[in-house]
There are 2 protein chains.
Amino acid sequence: MNYQIELRHFIYFLAVAEELHYRKAAEKLFISQPGLSTQIKQMEEILGTQLFVRDKKKVQLTPAGAYLKKEVEFILNHLDQTKKQVKLIGSGQMGEVRIGFLGSAMQSVVPDLLLQLKEKFPGVHTTLEELSNRSQINAILADRLDLGFVRLARVPKGLEVKSVFEDTFSLVLPEDHPLDERDFKHIGQVANEDFILFSQDYSPMYYDTVLSICEDRGFVPNVSHKSVHAQTIFKLVENKLGIAIVPTTLQHGFQMKVKFIEMKNIKQRAVLSMVWKSDNRNPALQNCMDLLLKL
Amino acid sequence: MNYQIELRHFIYFLAVAEELHYRKAAEKLFISQPGLSTQIKQMEEILGTQLFVRDKKKVQLTPAGAYLKKEVEFILNHLDQTKKQVKLIGSGQMGEVRIGFLGSAMQSVVPDLLLQLKEKFPGVHTTLEELSNRSQINAILADRLDLGFVRLARVPKGLEVKSVFEDTFSLVLPEDHPLDERDFKHIGQVANEDFILFSQDYSPMYYDTVLSICEDRGFVPNVSHKSVHAQTIFKLVENKLGIAIVPTTLQHGFQMKVKFIEMKNIKQRAVLSMVWKSDNRNPALQNCMDLLLKL
DNA sequence: CTATTTGATAATTCATACTTATTGATTATT
DNA sequence: AATAATCAATAAGTATGAATTATCAAATAG
């Protein structure tokens, strides 16, 4: 007596509402006519409303039934759509990948990667946020971010890393600096100049690497300024407040009165890595990683 | 193996998605925890998509699950609304009553009736259409109309009639016509004038009644013009092309250079009747009739 | 280490959506 | 008018599967 409406009822109802004939509707549904009759009757009881008028060889919708038909059509269609959508999201063909990146990553791999992702998974939407190494790690651990582009030697347990780009370092000098690309042999030639570097806590790895480059030449650099923005660093160099050492790809995208000298013959490299959570459940990320790890 | 999604699944799913705890969700649903577990699992199998992540004391939604939750909430809410609406329509508190009327009914009862209906059943919408007697009857029989206001002595089988308003007839004369209300005794005084009447096929009853009024005074009127519009008839009278006999209430709502002389002491009346189908299934009409028959 | 909590299995029960067989009512056919 | 055909509703019985209880393995807390 205290039944509940089910989708089965709606599907049966719709068949009868379309055919206006119990036997034909039952055949279409591959069930018996008596079964259909009782189910429709039960549905009317649950709703407390008559949906069909059956008198003298005729089955017709009541106004309430006509209204319900329209709504049931809508609901079933919407449900179909939802089921498809759930599958797409579940299989990662649709969804959102939240990406964090270090400013310096924007000059190299990230734009290309986004392009490939868009092409391969047009349904996957990406959000981008420029963050420090540390912020990215925290965000990934807290599930606020799916993927990060960082410069770090080590990452906390539970995260996976893969280096995606190895960049040489370049010396950044004012345009009219006496040292020229042809004359350049090693960093020891500018050991006495002031150095402008990225902040240590913005990227400890970068900082350590730059120090090791100097160490290999037997000196400790005099770091006069630190910044988190390449823009700022270049501006300071332009104004002759010091010289800088940055990943080579950073030279693109800026219009400054500075010159870059690539240091190809040192072993150190600026390594950019992807970081993500090992057990991230975002299927869109899974697909994304399948694509990225192939490159 | 080849099951079908049911509303039950959605309700269970929503409970788990809200509680993020199987036992608590099961308690809320008044079912056992194992039952809930298997149903959710089945749902995931049907959809071919994982909806929850259960690992190490934690239950969480996958992106697909989060999407589905939003949609399920919408669907269940919409369904609730639909069920309520169906009940309202089924009980006649909401719906549409399609009303037809003779032009002359608009001057007497119809507007008042609509007002009362609106007040008593604010959910019931009415549509109005001015139609001839015959058109109304046909429309009611074909179920294009729920209720008609006609002037007819008899209606086809299967229809019900009830007279709602009895109007006296009035003589319509040009404003400067020699005959005055004080001098008026009976219609025989204008027996020699031309008469302008409503067309016979627009309302046979009216036509017959007018003829019988004249007959009672021993003459057959000379009908010079016929029309279906009161407006036209009055205009013709104004221009002295004849005199007319119309239901008294028609004098309201027109601005014409004509005068009305009410003929109170003849037995004939202009009877306005409601007509509807005995087995009309529109519950809104049922309610409407309950109200109207009390007046 | 033990006690408690979690969700998942296993076995069983029970509700009910189905089936087939039939009826009563209406319409079409001769 | 009598018969046949067709409709949906009803009755009785069956079988599917959603529930139950009992239990487990894994994890956490005291």
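Lettering of chains follows the sequences in order, A, B, ..., and the numbering in each one begins at 1.
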Check: Whole Å only: how far is the CZ atom of B:Phe30 from the P atom of D:dT20?
Finding: 12 Å
Notebook entry, point to check: Between B:Val271 and B:Ser163, which heavy-atom pair has the shortest distance, and what is it?
Noted result: CG1-CB, 3.6 Å
Check: Separation of A:Gln42 atom CD from C:dT16 atom P, in whole Å?
Finding: 9 Å
Next item on the list: Could you grab the distance from atom OG of A:Ser32 to atom OH of A:Tyr22, nearest 0.5 Å is fine?
Entry: 13.0 Å
Notebook entry, point to check: Is any side-chain N or O of B:Ser32 closer than 4.0 Å to OP1 or OP2 of D:dT20?
Noted result: yes
Check: Which is it for B:Gln81 and B:Asn77 under the side-chain contact (heavy atoms from CB on, under 4.5 Å) test, yes or no, and what are the steps along the way?
Finding: CA-CA 6 Å; B:Gln81 189 57 27; B:Asn77 282 334; over 6 Å; no
Check: End-to-end bend of the helix from C:dC1-D:dG30 to C:dT30-D:dA1 (five-pair axes, 10° rounding)?
Finding: 20°
Notebook entry, point to check: Whole Å only: how far is the CE atom of A:Met43 from the P atom of C:dA17?
Noted result: 13 Å
Margin query: Without decimals, in angstroms, what is the distance between A:Glu45 CD and D:dA9 C1'?
Written below: 13 Å
Next item on the list: Would you kindly give the CD-to-C1' distance between A:Gln4 and C:dA17, to the nearest whole Å?
Entry: 16 Å
Next item on the list: Please report the C-alpha distance between A:Glu27 and A:Arg23 in whole Å, then the side-chain angles of each, then the deciding distance to 0.1 Å, and finally whether the salt bridge (charged side-chain N to carboxylate O under 4.0 Å, His left out) criterion is met.
Entry: CA-CA 6 Å; A:Glu27 271 173 24; A:Arg23 189 181 50 73; 2.9 Å; yes
Next item on the list: Rounded off to whole Å, could you give me the CG-to-C1' distance for the A:Leu36 and C:dC18 pair?
Entry: 12 Å
Margin query: Please report the distance, rounded to the nearest Å, between CD1 in A:Ile46 and C1' in C:dA17.
Written below: 12 Å
Check: Parallel, tilted or perpendicular for B:Phe13 and B:Phe52, by the 30°/60° rule?
Finding: tilted
Would you tabulate the pairs of protein nitrogen or oxygen atoms and nucleotide nitrogen or oxygen atoms of nucleotides 5-8 of chain C closer than 3.5 angstrom?
from	atom 1	to	atom 2	distance (Å)
C:dT5	O2	B:Lys57	NZ	3.0
C:dT6	OP1	B:His21	NE2	2.7
C:dT6	OP1	B:Arg23	NH2	3.0
C:dT6	OP2	B:Arg23	NE	2.7
C:dT6	OP2	B:Arg23	NH2	3.4
C:dG7	OP1	B:Tyr22	N	2.8
C:dG7	OP2	B:Arg23	N	3.3
C:dA8	OP1	B:Arg54	NE	2.8
C:dA8	OP2	B:Ser37	OG	2.8
C:dA8	N7	B:Gln33	NE2	3.0
C:dA8	N6	B:Gln33	OE1	3.1

Note to self: Can you tell me how far apart NZ (A:Lys157) and CG (A:Leu159) are? Round to the nearest 0.5 Å.
What the structure shows: 11.0 Å
Mind listing the side-chain donor-acceptor pairs of residues 65-73 of chain B below 3.5 Å, one per line with the distance, residues two or more places apart or on another chain?
from	atom 1	to	atom 2	distance (Å)
B:Glu71	OE1	A:His78	NE2	2.6

Notebook entry, point to check: For A:Gln60 and D:dC7, what is the distance between atoms CD and P respectively, to the nearest whole Å?
Noted result: 16 Å
Compile the donor-acceptor pairs under 3.5 Å between side chains in residues 88-102 of chain B and protein atoms, sequence neighbours left out, one pair per line.
from	atom 1	to	atom 2	distance (Å)
B:Ser91	OG	B:Lys87	O	3.1
B:Ser91	OG	B:Leu88	O	3.2
B:Ser91	OG	B:Gln93	OE1	2.9
B:Arg98	NE	B:Asp146	OD2	3.0
B:Arg98	NH1	B:Asp143	O	3.0
B:Arg98	NH2	B:Asp143	O	3.2
B:Arg98	NH2	B:Asp146	OD1	3.0

Item checked: Contacting residues from residues 7-14 of chain B, given that a heavy atom lies under 4.0 angstrom of DNA chain C -> none
Notebook entry, point to check: A:Ile31 has a side chain; which of C:dT19, D:dT21, D:dA18 sits nearest to it?
Noted result: C:dT19
Next item on the list: Carefully, step by step, assess A:Met106 and A:Leu128 under the rule side-chain contact (heavy atoms from CB on, under 4.5 Å).
Entry: CA-CA 11 Å; A:Met106 243 344 175; A:Leu128 285 172; 3.9 Å; yes
Margin query: Can you tell me how the ring of A:Tyr206 sits relative to the ring of A:Phe198, calling it parallel under 30°, perpendicular over 60° and tilted otherwise?
Written below: perpendicular
Next item on the list: List for me each residue that meets salt bridge (Lys or Arg N to Asp or Glu O under 4.0 Å) alongside B:Glu18, sequence neighbours excluded, and say none if there are none.
Entry: B:Lys28
